[in-house]
Amino acid sequence: MFAALSEKHEHKKVLPDLEGAENGVVMRFAPNPSGPLHIGHARAAALNDAYIKQYGGRYILRIEDTDPKRVDPEAYEMVVEDLKWLSLAITDTVTQSDRLHLYYALCTQLIERNGAYVCTCDNEQFKVLKNKKIACPCRDQSLETNLVLWDKMLTHGFKEGEASVRIKTDLNNPDPAMRDFPAFRILDAPAHPKVIAHVYPLMNFSVVADDHLLGVTHVIRGKDHIANTRRQRYIYDHFGWKVPVYRHYGRMGIEGVVLSTSQMRLGINDGTYTGWDDIRLGTLRALARRGISPDAVKNAMLAIGIGDTDISFSWDNLYSENKKIVDPVANRYFFVPDPVTARIEGAQPHTAHAMLHPSDASRGTRTLEFTGTVLIPKNEVLPEVTMLRLKDLFNVKISWDNGMPTFTYAGDSLADARAAKAHIVQWLPAQATVPCTILTQEGEMSGACEPAVRSELGKVIQFERVGFVKIDGVGDDGVVAYFTHK
RNA sequence: GCUGCUAUAGUGUAGUCCGGCCAAUCAUGCGAGCCUCUCACGCUCGCGACUGGGGUUCGAAUCCCCAUAGCAGCACCA
């Protein structure tokens, strides 16, 4: 029965074919190590992953840490952890700061091929010339001069801002962004956490160098890189290298969570957020903490696909994917929000057996001992309510006197409760409860839950009539849970 | 401003290349009902879209033009 059900869930999302991928692909995911990965990264990571699984090949994780200003030493580890959580088919990992010597050597070659020059112009001055489509004086230097200056750059003969390497492009290109863009620059500070360096490549150079060196065949990235792709083509042409196949997907707007690394870091430092996995953040670790499964994230991203249109990310769709994964496995428990104590008159002690999962009897039941007094949700005890069904136990009649309710045993018959249209509510024996707080993105919900919930630490369970929740902490003072979704 | 990309229901997506089989797919969401000792899951039914205007054509979501809107880039960031 379960097999039949889950088959219906196999909406195998078919991504469009990649041109020239028949014999396998080499693709890469190339994050900047400035913080942990967030949902935005997950799209590129999942798309690449899906194509590699479809065509076979290698999946390279390339850490792009060529800007020491934007490197968080802790991020190297976090990125790897996050990708591991997503369980991607990564086959190789390279770090660009380990490869500076390769870029330097290629730069020398590029100068020798007359594809680049060392520019010692003032930056502002260059910009003025560039906008007027005029070559700067450095552009026509001899090969020898360029090589001498390049060597001077590498041997600390220049300070930050005094020299850079520029790629020769077409100064008449109508797009000013294409004209003689920089490939290397000098940075005196800050120091790079992984390597001692003075000359750093800009991404357009290091990306081309690595894509070529690593044999990357297909590149899937956001459309914010379209201009870079055009720039990078100049470098491929200078070297005579084969250009990979590119796909650029549209921008994905994500509402409801904080995504900017700098903003997150600020908030963590000033105590606004508890850490990188604070559930108000859009990091993968925050999603994990909330009980979102990595497969749900991947499925949601594949469903979005690689369209060029700008889209807005839908939490509903993610939650729906997650529910498909979580609903069959999550055990059910009672959580009583904002509980009131009710003494039930005229009831004998009862033992209730409630199923751990409604469609899987083999998991067994939880046992709740009724001895006279229960906790029930306050919002179910309203003046117009005269009968409630305590789920898996019995019916209770409520009589009101001066606004004070009295609860009386009203039989075991479920049919009676149905006939009376009584709400079937979750409840707890007053003598066996654990305080429980559910943290949601909006705030917290406090109440009590079954003691057995303690054994579900780290798991996603469903609190009946409340929603799915991940048990985050279990201590003497109770249970802390994170709200996943309805 | 310059350069370029895009435009299908609330959201995502299929169809657009090679015009007819599209009174437009699937999912999600929402509504109603069934099932059910959860307001979950499952099932049934329903709601809801081709940005606008011209043109080409026997015929246009699909091709062309214009308009509008959104986005990206124009960094010694990635």
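Since the structure is predicted, the reported quantities are computational estimates derived from the model, not experimental observations. Note on naming: letters A, B, ... go to the chains in the order of the sequence lines (proteins, then strands), and numbering restarts at 1 for each one.
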Do the side chain of A:Q462 and the base of B:U38 come within less than 3.5 angstrom through a donor-acceptor pair of N or O atoms?
yes
Measure from NZ on A:K486 to P on B:U28 and round the result to the nearest Å.
17 Å
Below 4.0 angstrom from OP1 or OP2 of B:G12, is there any side-chain N or O of A:S312?
yes
Side-chain N or O of A:R185 closer than 4.0 Å to phosphate OP1/OP2 of B:C77:
yes
Across the strands shown, which category fits A:T66 at heavy-atom distances under 4.0 angstrom: base, sugar-phosphate, nothing?
sugar-phosphate
Any side-chain N or O of A:N123 under 4.0 Å from OP1/OP2 of B:C76?
yes
Length of the line joining A:D17:CG and B:A14:P, which is rounded to integer Å
13 Å
Expressed in angstrom and rounded to an integer, what is the separation of A:N331 atom CG from B:A40 atom P?
19 Å
Nearest-0.5 Å distance, NZ of residue A:K391 to CD of residue A:E464:
3.5 Å
Ignoring backbone atoms, establish whether A:R418 has a side-chain N or O less than 4.0 Å from OP1 or OP2 of B:C37.
yes
Using both distances under 3.5 Å as the test, list the Watson-Crick or G-U wobble partner of B:U56, or none.
none
With a 3.5 Å cut-off and just heavy-atom distances, do the side chain of A:R251 and the base of B:C71 make a donor-acceptor pair?
no
Taking any heavy-atom pair under 4.0 Å as a contact, classify A:K133: base, sugar-phosphate, or nothing.
nothing
Value in whole Å for how far the P atom of B:C5 lies from CD1 of A:I226
8 Å
For the pair made of CG in A:L414 and C1' in B:C37, what is the distance, rounded to whole Å?
5 Å
